[in-house]
Amino acid sequence: MHFGDFLPMSYASVVDVLAGKVAVDETVTVRGWVRTRRDSKAGISFINVHDGSCFDAIQAVVPAELPNYESEVLKLTTGCSVAITGVVVESQGKGQSFELQATGVKVYGWVEDPDTYPMAPKRHSMEYLREYAHLRPRTNVTGAVMRVRNTLSQAIHRFFHEHGYLWVSTPIITTSDCEGAGEMFRVSTLDLMNVPKTEQGNVDFSQDFFGKEAFLTVSGQLNVESYACSLSKVYTFGPTFRAENSNTSRHLSEFWMVEPEVAFADLDDVAHLAEDMLKYVFKAVLEERPDDMAFFEQRINKDVVERLTRMVDSDFVHMDYTDAIEILKNCGKQFEYPVEWGVDLQSEHERYLAEEHVGAPVILKNYPRDIKAFYMRQNEDGKTVAAMDVLAPGIGEIIGGSAREERLDVLDQRIAEMDLPAEEYEFYRDLRRYGTVPHAGFGLGFERLVSYVTGMQNIRDVIPFPRAPKSAQF
RNA sequence: UCCCCAGUAGCUCAGUUGGUUAGAGCGGUGGACUGUUAAUCCAUGUGUCGUUGGUUCGAAUCCAACCUGGGGAGCCA
């Protein structure tokens, strides 16, 4: 609560009033949007107002004696924006601790046509809400998602800060087309209708803004490695762009990724880092957002609170790829794609491991080198690399990480084997040439984390304005 | 990108072996009742049946293409 500098009244957030932070009998003004209005012939109206500060709306009891009761209060509909001044009282009715005995209602904005206001006080499908991404944060579900998303985001920063990690903002624009994680969006200021050409007939990128081809980043990892190899413990947390034509409930073209990178660390170190971080943020959500989580438990997924609670104080299952293959081969389940050592795991395999065999997130480690990226550190067996995935029930991979190959000769050998353009990796090779150290890191898909925590099934509903193939509204 | 499904009122859906007048619930609106709170009860309106083309005497219904959405797969976080 704060006192306005110029106005004689004090303002309060809904959360503060409902939590009892405003003394009973004190007069405050709450500002927000009307969720419902109910009129009683006893000469009062009940108006529920939400302002996003918590899941619940506050109930204002508006007496018919107010001068604008007939002219305005009785015309309020869902979505109208109001300031309601009133005395904080303990509620006479059930359903709320405190309420406002209104002494004044000011209307900021009306809803033009209540019949067509898209956010009607009723159940809407998530597909429908997505078409109104600018208004859906007024709904219970999107409001709850965004508060949990914020808590997760803050908790991630807090976790790393408390553990001595530095947040490094790696660039969003990159001129390296070899980040190795999929199709990239081009960044260019060239006139598409009149593209300059070289004598050979190719696009003359020397005339482009950066003097060469540029793209949006698909991963901050390669860049952040150079900061790990100097500041020791670092992480990125920022937007990432993939121009893949992925049409699924767990892919976005623009998403946020958290990528810690740790010098002098090996695969097990970052596997445990991932586990500690997830437990930390799960705990933060349970402690900070019980109201929103209760809603998800009731309306979205009944397991959502229980599974987080259980995981906060139990150890994650760590499993070698090789052991996972044996489990899959011997589980007696018929898979569409047969399992053999050396194959990449299909969704059905990952689902079985996370959802049926373990029943919780599982950390898979040490994959065959032939199915993994060039920068992953080769193990002594010559067959596997020190890579890991964290697989979550219902979502699949939420984290992918590895120890990085710090030995220049081994790295060069891999670049050659995979036929990658060696000249593009000079800065990366320099890190191995000058004071190289073992290091490791992982990437966490932030929206996948939000999906898992909230139980929301489609990743497009846990980011404010989703971008996906053929879909970039607002 | 591939496979499957869907597109009918503001929303969620029912409907059609091709045939006159297209249905329900919710929401909205009006009223009754009520310290109410997913309120309840009564009344009430609404539709280029996704787009384009085809078959047909006649298409919301059958066919084709396309668009959009959903589920699954691949790519991955």
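Throughout, protein chains are lettered first and strands after them, A, B, ... in sequence-line order, and every chain is numbered starting at 1. Source: prediction; values computed, not measured.
- Remark: A:Arg250 engages no residue in a side chain to side chain donor-acceptor pair (under 3.5 Å) (not counting sequence neighbours).
- Between B:A59 and B:U51, the distance separating the two P atoms is 15 Å to the nearest Å.
- When rounded to the nearest whole Å, the span between CD of A:Glu127 and P of B:G7 equals 14 Å.
- Rounded to whole Å, the P atom of B:A22 lies 15 Å from the corresponding atom of B:U61.
- Comparing the C1' positions of B:C41 and B:G23 gives an interatomic distance of 23 Å, to the nearest angstrom.
- Ring centers of A:Phe237 and A:Phe446: under 6.0 Å apart, within the cut-off.
- A ring-centre distance under 6.0 Å is not found for A:Phe316 and A:His272.
- For the pair A:Asp389 CG and B:A77 C1', the interatomic distance rounds to 10 Å; values are reported in whole Å.
- Put simply, OH on A:Tyr117 is 13 Å from C1' on B:G10, counting in whole angstrom units.
- Among residues at least two apart or in separate chains, salt bridge (Lys or Arg N to Asp or Glu O under 4.0 Å) pairs with a member in residues 384-397 of chain A are A:Lys372-A:Asp389.
- Sorted by first then second residue, the ring-ring contact (aromatic ring centres under 6.0 Å, His included) pairs that include residues 113-132 of chain A, not counting sequence neighbours, are A:His124-A:Tyr128, A:Tyr128-A:Tyr132.
- Nearest-nucleotide assignment on RNA chain B puts the 5′-proximal partner with A:Arg460, out of A:Gly400 and A:Arg460.
- Distance CZ (A:Arg299) to P (B:A38): 11 Å, rounded to an integer number of Å.
- With sequence neighbours excluded, the residues forming a side-chain contact (heavy atoms from CB on, under 4.5 Å) with A:His50 are A:Trp33, A:Arg35, A:Ala57, A:Arg138, listed by chain and number.
- B:G58 and B:G71 have their P atoms separated by 40 Å, given to the nearest Å.
- For the P atoms, the distance linking B:G69 with B:U8 amounts to 14 Å, nearest Å.
- When the C1' atom is used for both B:G10 and B:G45, the distance is 12 Å, rounded to whole Å.
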Per-nucleotide protein contact string for nucleotides 26-36 of chain B, where B marks a base within reach and S marks sugar-phosphate only (heavy atoms under 4.0 Å, - for neither): BBSS----BBB
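- Within residues 245-257 of chain A, the residues approaching RNA chain B are A:Asn245, A:Ser246, A:Asn247, A:Thr248, A:Ser249, A:Arg250, A:His251, A:Leu252, A:Phe255, A:Met257, by heavy-atom distance under 4.0 Å.
- Rounded to the nearest Å, the gap between the C1' atom of B:U46 and that of B:U12 is 16 Å.
- Residues passing the side-chain contact (heavy atoms from CB on, under 4.5 Å) test with A:Ala392, sequence neighbours excluded: A:Ile395, A:Ile398, A:Tyr452.
- In this structure, the salt bridge (charged side-chain N to carboxylate O under 4.0 Å, His left out) partners of A:Asp315, at least two apart in sequence or on a different chain, are A:Lys279.
- Sorted by first and then second residue, the salt bridge (Lys or Arg N to Asp or Glu O under 4.0 Å) pairs with a member in residues 45-60 of chain A form an empty list; sequence neighbours excluded.
- Taking the charged nitrogens against the carboxylate oxygens, A:Lys75 and A:Glu72 have no contact shorter than 4.0 Å, which rules out a salt bridge.
- Rounded to an integer number of Å, the gap from A:Glu244 CD to B:A77 P is 10 Å.
- In this structure, A:Arg242 places its CZ atom 18 Å from C1' of B:U1, rounding to the nearest Å.
- For A:Ile300, the side-chain contact (heavy atoms from CB on, under 4.5 Å) partners at least two apart in sequence or on another chain are A:Val141, A:Phe296, A:Met456.
- One can place NZ of A:Lys470 at 11 Å from C1' of B:C67, the figure rounded to the nearest angstrom.
- Atom name P, nucleotides B:C3 and B:A64: the rounded distance is 14 Å, in whole Å.
- Residues passing the side-chain contact (heavy atoms from CB on, under 4.5 Å) test with A:Pro239, sequence neighbours excluded: A:Ile172, A:Phe241, A:Trp256.
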Return one dot-bracket line describing RNA chain B 5' to 3' (Watson-Crick or G-U wobble pairs, both distances under 3.5 Å; ( ) same strand, [ ] crossing, | another strand, . none). (((((((..((((.....[...)))).(((((.......))))).....(((((..]....))))))))))))....
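- Summarising the geometry, the separation between CZ on A:Arg448 and P on B:C75 is reported as 12 Å, rounded to the nearest angstrom.
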